[in-house]
Amino acid sequence: MKEFWSSVRSTINYLLHRRRLEAEMAEEIRLHLEELTKAHVSAGMELEQAQYAARRNFGGVSQIEERCRDERNLVWLDQLWNDVRFSARSLCHARGFTFTVLITLCLGIGVTTVVLNITEGIILSSSPFPKTGELFYLGNKGRTRPTKNMLIGLQFQAYENQTNVFSEFAGVEWIHSNVVIGDDPIPVIVKHITIDCFHTLGIKPALGRVFLPAEYRDGANDVVIISDLFWREHYNASPDVLGRLIKIDQRLCTVVGVLSVDQMLPPYFNNDLFRPLVLKFDPERPLAGGLAVIGRLKLGVSRQQALAALSSVKFRQLPQWASDYLSEIEPTLTELTEVNQPEIYWVIFAAAVFLYAIACLNAMNLMLIRLLRRRRELTIRFAIGGSRFQVVRLLACESIGLTLAASLIVMLAARWVFPSLFVLITGNGAKLYRDYWDWHTLFCIAALSVIASLAVVLVPATRLLRTEIDSGLKDGGPTLGESRSAGRIRNSLVSIQAAFAVILLTGTGLMLRTFERLHHLDLGFDPIGKVKVQIMVPDSYDLKPEARLQLFERLRLRLSSIPGVKTASFSQDSIFQGYYAGGAQLQMADGTFEPASGNFVSQDYEQTVGLRMKEGRWLSGKKGQIEAVINEAFAKARFGDRDPIGLSFKWKAAGDQPWLVVGVVRDVRETVRSSAGIRFYIPDWMYPGNIDTLVLRLDRDPKKEFAGLVRRAIYEIDPRLIASDVSSIDDIVSESMWAERYAFTILKGLAAIALGLTVVGLFSVVAYTVDSRMTEFGVRIALGAQPSDLHRLVMLRGLAAASVGILIGTAGAVGLTRFMESLLFETKPFDPLVYAGVAILLIASGVAACWLPARRAARVDVTRLLKSE
Amino acid sequence: MSKMELLQGTLDMLVLRVLSGGPMHGWGVAQRIQILSKDVLQVEEGSIYPALYRMEHKGWIKAEWGQSDNNRRAKYYELTKGGLKQLANESKDWSRICSAIGAIMNPPKLTDQT
């Protein structure tokens with residue numbers, strides 16, 4: 001073994017320093033001959049005789065030199081070196097080919113690596129959390145409520161104390177806080193975590209420590225752990241951040257830990273600031289406090305057993321309405337991976353695989369064409385005794401060289417380009433600081449390159465091993481046309497490429513339709529220019545309902561005076577909340593109760609939000625008038641076909657009080673994907689204690705600094721209030737479509753690349769066909785064909801390949817796109833418009849790809865061709 | 001006495017043996033073999049070089065350019081650890097072959113025993 005490595009080393013040394021070593025060998029031999037001659041001369045010979053004798057003694061110099069060369073050289077390594085040099089030279093020579101293949105492979109390998117990086121957590125279910133299979137979100141669902149992966153504080157306490165099916169819990173409650181660093185107050189959601197939280201999720205801070213058990217107590221909990229991004233943005237990644245103070249809601253908290261840069265947190269847990277959670281029960285507000293909780297099931301406990309245990313929990317003595325609410329909801333357990341819309345990642349992953357396949361096919365086809373173009377050269381090689389194996393080796397050398405170069409480029413991109421690319425795609429600033437130059441990415445690139453180089457070399461190599469030696473000479477000679485089987489392979493490769501592109505384009509088209517539908521969706525109001533301002537009143541601020549009403553009226557007047565604000569109003573819920581609250585119990589015609597959403601609104605709410613009256617009138621605003629405005633869903637559910645105006649209804653919390661319906665408004669959606677629930681609007685003075693949101697209407701969409709103006713105004717009115725959320729409703733609407741936009745953005749990019757590669761593939765195939773049939777075209781012209789005939793011939797040939805691809809691709813898309821149904825909105829997976837559009841787009845690209853070669857064919861110059869023969 | 005051709009495959013061993021005395025250049029090795037064999041063995045001097053290069057390639061000896069006695073640049077060869085081991089192996093094999101061949105060529109006379 002040692003000898004083997006020694007010989008490899010020595011051979012490489014020889015290959016690298018061949019010239020010097022050769023010179024040294026010659027010098028050594030010359031020296032020897034001189035010494036021999038000298039010895040002979042001193043023995044009494046004439047100089048000439050001595051030289052002759054020395055040569056005789058020594059033996060043939062050039063034979064010996066040759067033998068020396070053989071000894072210090074490994075034959076296979078030498079051959080390999082020659083192959084590498086030869087293929088490098090020929091690749092440099094064929095610049096267009098090399099460039100195209102490199103771009104193709106870089107795109108294929110690079111894009112797939114990026115997508116794998118985004119999706120690997122979901123695809124490989126290689127979650128960063130220890131034993132993810134045992135982890136479940138605890139949540140609630142009601143008869144008419146969708147599953148919500150949140151618990152009320154009271155529920156969590158009961159589960160923790162009364163059940164024995166979980167080994168540990170990771171819980172987090174978010175609290176809107178004013179955080180002051182230096183002098184700037186910024187509103188931040190601080191996540192308060194339970195004692196097991198970091199342990200359950202396997203989180204260890206990169207700097208500092210986790211919270212101590214003693215710190216989970218009121219008064220001792222003024223400690224904070226910060227995220228990497230927060231650390232970089234506010235502390236310049238300074239290592240002496242530990243021990244520094246952050247002012248959170250007037251309390252000075254000590255930084256005790258910094259999370260690592262690539263710390264993954266499950267949905268709901270992601271955040272910048274963490275503090276220890278101290279759960280308190282407030283009998284005044286028994287259902288307050290919401291937590292996201294992940295529980296780890298004990299070994300051997302099934303999901304059903306756990307659910308049964310959760311259902312059997314008894315809650316403490318509560319007011320009737322609260323226990324009514326609790327009795328209506330049932331516990332749910334949701335796997336970690338189910339929360340994050342995994343189908344999006346699967347769709348993106350599949351798209352990337354298709355793109356990779358297209359890139360490989362393209363490279364394969366280009367290689368094949370290159371081989372065919374070199375048929376004459378290869379035939380001559382064979383004819384003078386070169387073996388097929390040698391040529392295959394050359395081919396392998398070229399393709400490995402190309403993929404190696406491509407993967408090097410991608411690796412450099414991983415180092416310098418990926419971070420900004422990820423930020424571009426995911427919009428997550430924290431990604432900028434992560435290093436993608438890790439073994440994970442490098443392994444991914446290496447694996448993809450190996451597969452690509454195999455693919456690229458395989459088809460041309462098998463093709464090569466099957467060719468007849470003389471057919472090359474014949475084909476390259478004055479024969480007409482081209483070999484049929486070669487043409488078939490090329491065309492079918494292009495067709496498969498086109499088919500994959502069709503599948504990708506169809507998926508993208510469906511997302512485009514979905515996106516368009518979502519964009520032009522009638523939400524029931526116009527979100528443009530509306531701003532929602534959510535006000536948090538801290539627990540310590542004892543605000544009586546009447547005072548609250550006055551306070552909000554003052555806020556309303558103050559905010560309407562901000563330049564640009566046309567009207568302002570306040571209410572209990574915002575519009576477009578993202579979920580349907582349904583906290584009120586509406587008494588139905590048959591006496592049963594149905595969840596409904598009651599909204600306590602100020603007088604000008606209708607005008608500010610832009611609700612559309614269907615019939616009747618808006619609330620009069622007169623104090624003491626017990627009246628309500630209902631939405632269409634309400635009217636339909638409660639009154640059926642009857643005209644609701646002038647009728648009245650009852651709801652549980654209001655007891656026997658009948659409410660007079662004075663108007664019906666159009667439905668307003670709470671999320672883009674769900675239709676509106678039952679909703680009624682009643683005057684603010686009825687229950688002012690619940691009011692927490694202001695809605696402003698502006699002339700146009702607010703500028704960036706608008707939120708600051710609002711915050712300052714609120715601070716001036718009452719510094720104890722926290723403006724927890726000031727955001728444009730339009731932004732909220734588009735944020736709620738992030739998943740669709742995310743999938744659409746990525747698919748758009750992938751599909752564009754796929755289409756581009758397919759055009760390149762088609763172009764190169766058609767161009768080659770035209771080249772190899774030039775003589776035939778010349779003969780055709782000589783026999784009387786028109787240039788337009790040739791033009792048509794070439795176009796049809798190319799478009800036929802594209803059409804086959806469209807047919808296969810359409811069939812594939814029909815089979816595959818139904819997996820993305822859950823992502824679509826008001827769009828059928830078999831949307832004919834999309835399919836037709838994709839077919840037209842592909843035909844158009846086909847025409848574009850064939851146009852130049854076809855023109856070249858039509859301009860064939862007969863006399864020149866005949867001369868060249 | 002006429003000179004004898006060298007036995008196939010023994011040149012490496014001879015070179016190793018000569019080099020075990022210390023670093024030496026190619027010319028010196030050839031001379032040394034002539035002298036030690038008392039001019040019996042006829043070595044085509046040039047064929048030392050393929051042997052030297054082969055053994056350098058295998059890592060048994062290493063070469064370095066140095067100054068020769070008469071102040072000329074010369075390439076000096078030196079045994080490595082691997083070469084020493086190789087020499088030991090080969091000389092063991094050699095003596096086994098010698099005794100085996102000797103036993104065949106000069107069998108102990110049977111008549112002496114009776």
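Labels below follow one simple rule: chain letters A, B, ... track the order of the sequence lines, proteins then strands, and each chain is numbered from 1.
- Here Arg72(B) pairs with Glu34(A) in a salt bridge; the nearest charged N to carboxylate O distance falls below 4.0 Å.
- Between the NE2 atom of His25(B) and the CG atom of Leu31(A) there is a distance of 7.0 Å, given to the nearest 0.5 Å.
- To the nearest 0.5 Å, the span separating CH2 on Trp27(B) from CD1 on Ile29(A) amounts to 14.5 Å.
- At a 4.5 Å heavy-atom cutoff, the contact between Ala30(B) and chain A is made by side-chain atoms alone.
- The contact between Leu36(A) and chain B is made by backbone and side chain atoms together, counting heavy-atom distances below 4.5 Å.
- In this structure, the side chains of Tyr49(B) and Glu28(A) come closer than 4.5 Å at one or more pairs of heavy atoms.
- Of the residues considered (Glu35(A), Met25(A), Arg67(A)), Glu35(A) shows the highest number of contacts with chain B, using heavy-atom pairs under 4.5 Å.
- With hydrogens and angles disregarded, no donor-acceptor distance shorter than 3.5 Å links the side chain of Ser10(A) to the backbone of Lys58(B).
- His57(B) has its ring centre no less than 6.0 Å from the ring centre of Tyr14(A).
- Proximity to chain B (any heavy atom under 4.5 Å) is shown, for Ala54(A), by neither the backbone nor the side chain.
- Looking at Glu66(A), neither its backbone nor its side chain comes within 4.5 Å of chain B, counting heavy atoms on both sides.
- Rounded to the nearest 0.5 angstrom, Gln31(B) CD and His32(A) NE2 are separated by 6.5 Å.
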Worksheet item: Stepwise, does the side chain to side chain contact (heavy atoms under 4.5 Å, CB included) test hold for Trp65(B) with Glu24(A)?
Response: CA-CA 9 Å; Trp65(B) 284 89; Glu24(A) 284 182 1; 3.1 Å; yes
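- Ser47(B) and Ile64(A) get closest at one heavy-atom pair: N-CD1, 3.7 Å.
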